[in-house]
Amino acid sequence: MIVAAGLTPAWQQIMRFDGFRAGEVNRAIDVRWCASGKVLNVGIALSQLGALSETISLVGGATGEQIQREFRSLGVEACWVPTEVPTRVCTTILDLKTGAATELVENAAAADAAELAAFRARYAARVTHAQMVILTGSLPAGSPHVFFRELLNDTACPAIVDVRGPELLAAVERGVFLVKPNREELARTLGREITDDAHLHSAMLELNARGAEWVVISDGPRPAWASSREQVFCLTPPRVEPVNPIGSGDCLAAGIAWALAEGSDTFAAIRLGMGAAAYNVGRLLPARLDRDAVERLAANVTCQRVR
């Protein structure tokens, strides 16, 4: 069992335009709605890959009902913690003329103390049966930055943590198997610019030293990086025709967790995750994966030790 846990899901609107011009009236050629946000993307991706998994998240209002309905239609197992505030709505704007993807993010509203306590209780009850856990996404406004570390205190199995900022630093102090921020999130977490690969490697190794056994850094269509204590590796993804990049990092985390739970070594798992991320880039809706295609893409990921 893999548990995907996070507190900031989204009901996602995806709008496509033949050309998008800021400050003008723009008419979409089509609009799609789907369950999304980091934790939901991870949960859907795990299910699509065939993993025995469960998603734990907060949901509320009419948007929360839409999310629950879609999870039922996809056959994704979930444990929902109800909130008084409706689940947020985020919007992706895809410009077919330029290939640009623009994300309009509604920040998650605050969750009260009772809702946070209910989430932690549901998590603690389910994590006792888990082989692996993925903790992912931002925290609701006003939540204590140590919340994910507190969840880790209830966790005996290996954990993948895909968060940023003070939440990430607090989590790695507890010790985690793998963390997966992207390059921009890593820079913001450590409070310094990452202008070249040497700066990147130094920042990754700092997270290793702070308590992360593995650090995996995604960087859009560019090579990903992985470090383990004093070693750094560069992994080059397969080329795909981009459609919608949203959720690719979440698919990376899900693919790694699924492969590890299936008995793969860490490098094979990272390759599988990169195959999942690459497949996702070429699809319109996030995290709707095809396992066979993911495995074919993963076979084309190359890895080179650089330090």
Side-chain angles (χ1 to χ4, degrees), residues 4 6 8-20 22 26 28-46 48-49 88-106 134 136-138 160 162-164 180-188 194 200 216-226 234-257 270-291 293-294 296-298 300-301:
T8 50
W11 184 236
Q12 191 84 14
Q13 182 183 37
I14 301 172
M15 308 180 73
R16 294 198 296 172
F17 298 85
D18 282 329
F20 183 82
N26 294 270
I29 59 172
D30 61 60
V31 178
R32 300 285 296 275
W33 291 88
C34 65
S36 189
K38 294 182 73 66
V39 63
L40 303 190
N41 291 339
V42 169
I44 293 168
L46 287 169
Q48 299 277 291
L49 289 169
R88 63 185 177 147
V89 174
C90 295
T91 300
T92 302
I93 297 172
L94 300 176
D95 186 338
L96 303 184
K97 183 176 181 180
T98 65
T102 301
E103 189 75 359
L104 306 180
V105 177
E106 178 185 344
I134 303 174
T136 184
S138 57
I160 294 174
D162 186 6
V163 301
R164 66 186 183 195
K180 196 219 68 59
N182 62 35
R183 189 170 182 138
E184 179 186 358
E185 291 167 340
L186 177 62
R188 283 195 280 172
I194 296 176
L200 175 64
V216 176
I217 304 297
S218 56
D219 191 18
R222 292 166 289 279
W225 300 86
C234 179
L235 297 103
T236 302
R239 295 179 64 86
V240 296
E241 189 67 30
V243 175
N244 181 7
I246 303 302
S248 296
D250 310 322
C251 293
L252 172 59
I256 292 171
I270 295 171
R271 287 190 180 97
L272 194 287
M274 292 183 66
Y279 182 84
N280 184 76
V281 168
R283 313 296 293 181
L284 179 61
L285 300 184
R288 279 62 174 178
L289 304 179
D290 179 278
R291 176 172 164 173
V294 165
R296 288 194 296 271
L297 287 166
N300 293 318
V301 175

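Note: hydrogens, waters and symmetry copies are ignored here, and every other heavy atom, side chains too, is used.
- Listed here is the closest heavy atom pair of Arg271 and Ala298: O-CB, 3.4 Å.
- Side-chain contact between Arg88 and Val105: present, with at least one pair of heavy atoms (C-beta onward) separated by less than 4.5 Å.
- Across every non-hydrogen atom of Gly19 and Asn26, the tightest pair is O-OD1, 3.6 Å.
- With contacts defined as side-chain heavy-atom distances shorter than 4.5 Å, the pair Trp225/Leu200 qualifies.
- Between Leu40 and Ala10, the shortest heavy-atom contact is CD1-O, 4.0 Å.
- Between atom CZ of residue Phe17 and atom CD1 of residue Ile29 there is a gap of 9.0 Å, rounded to the nearest 0.5 Å.
- At a threshold of 4.5 Å between non-hydrogen side-chain atoms, the residues Thr102 and Thr92 do not count as touching.
- For the pair Arg188/Pro181, no side-chain contact is recorded, criterion being any heavy-atom separation below 4.5 Å from C-beta on.
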Check: residues 238-251 side-chain donor-acceptor pairs under 3.5 Å, at least two apart:
| from | atom 1 | to | atom 2 | distance (Å) |
| --- | --- | --- | --- | --- |
| Asn244 | OD1 | Ile246 | N | 3.1 |
| Asn244 | ND2 | Leu284 | O | 2.8 |
| Ser248 | OG | Pro245 | O | 2.8 |
| Ser248 | OG | Asn280 | ND2 | 3.0 |
| Asp250 | OD1 | Lys38 | NZ | 2.8 |
| Asp250 | OD2 | Asn41 | ND2 | 2.8 |

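- Note that the CD1 atom of Ile217 and the CG atom of Asn182 stand 7.5 Å from one another [nearest 0.5 Å].
- If you take CZ on Arg222 and OG1 on Thr236, they are separated by 12.5 Å, rounding to the nearest 0.5 Å.
- Not a single donor-acceptor pair under 3.5 Å links the side chain of Asp219 to the backbone N or O of Ala224.
- Closest approach of Leu94 to Ala101, counting heavy atoms only: CD2-CB, 3.7 Å.
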Any chance you could lay out the side-chain hydrogen bond (donor to acceptor under 3.5 Å, both in side chains) test for Gln12 and Thr91, step after step, and finish with the verdict? CA-CA 6 Å; Gln12 191 84 14; Thr91 300; over 6 Å; no
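- Between Arg16 and Leu96 there is a side-chain heavy-atom pair separated by less than 4.5 Å.
- In this structure, the side chains of Pro286 and Ile14 come closer than 4.5 Å at one or more pairs of heavy atoms.
- Nearest heavy atoms, Leu46 versus Ala4: CD1-CB, 4.2 Å.
- Remark: the backbone N or O of Ala100 is paired with a side-chain donor or acceptor of Thr98 at under 3.5 angstrom.
- Rounded to the nearest 0.5 Å, atoms CD1 (Ile270) and CD1 (Ile256) are 5.5 Å apart.
- Looking at Asp18 and Lys97, their side chains never come closer than 4.5 Å, going by heavy atoms from C-beta outward.
- Two residues are said to be in side-chain contact when any heavy atoms from C-beta on lie closer than 4.5 Å; Trp33 and Val89 meet this criterion.
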Step by step, work out the side-chain contact (heavy atoms from CB on, under 4.5 Å) result for Leu49 and Val294. CA-CA 9 Å; Leu49 289 169; Val294 165; 4.3 Å; yes
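- Taken to the nearest 0.5 Å, the NZ atom of Lys180 stands 4.0 Å off from the CG atom of Asp162.
- The minimum heavy-atom distance between Glu106 and Cys90, with the atom names listed, is N-SG, 3.6 Å.
- Distance check: Cys34 SG to Arg288 CZ gives 4.5 Å after rounding to the nearest 0.5 Å.
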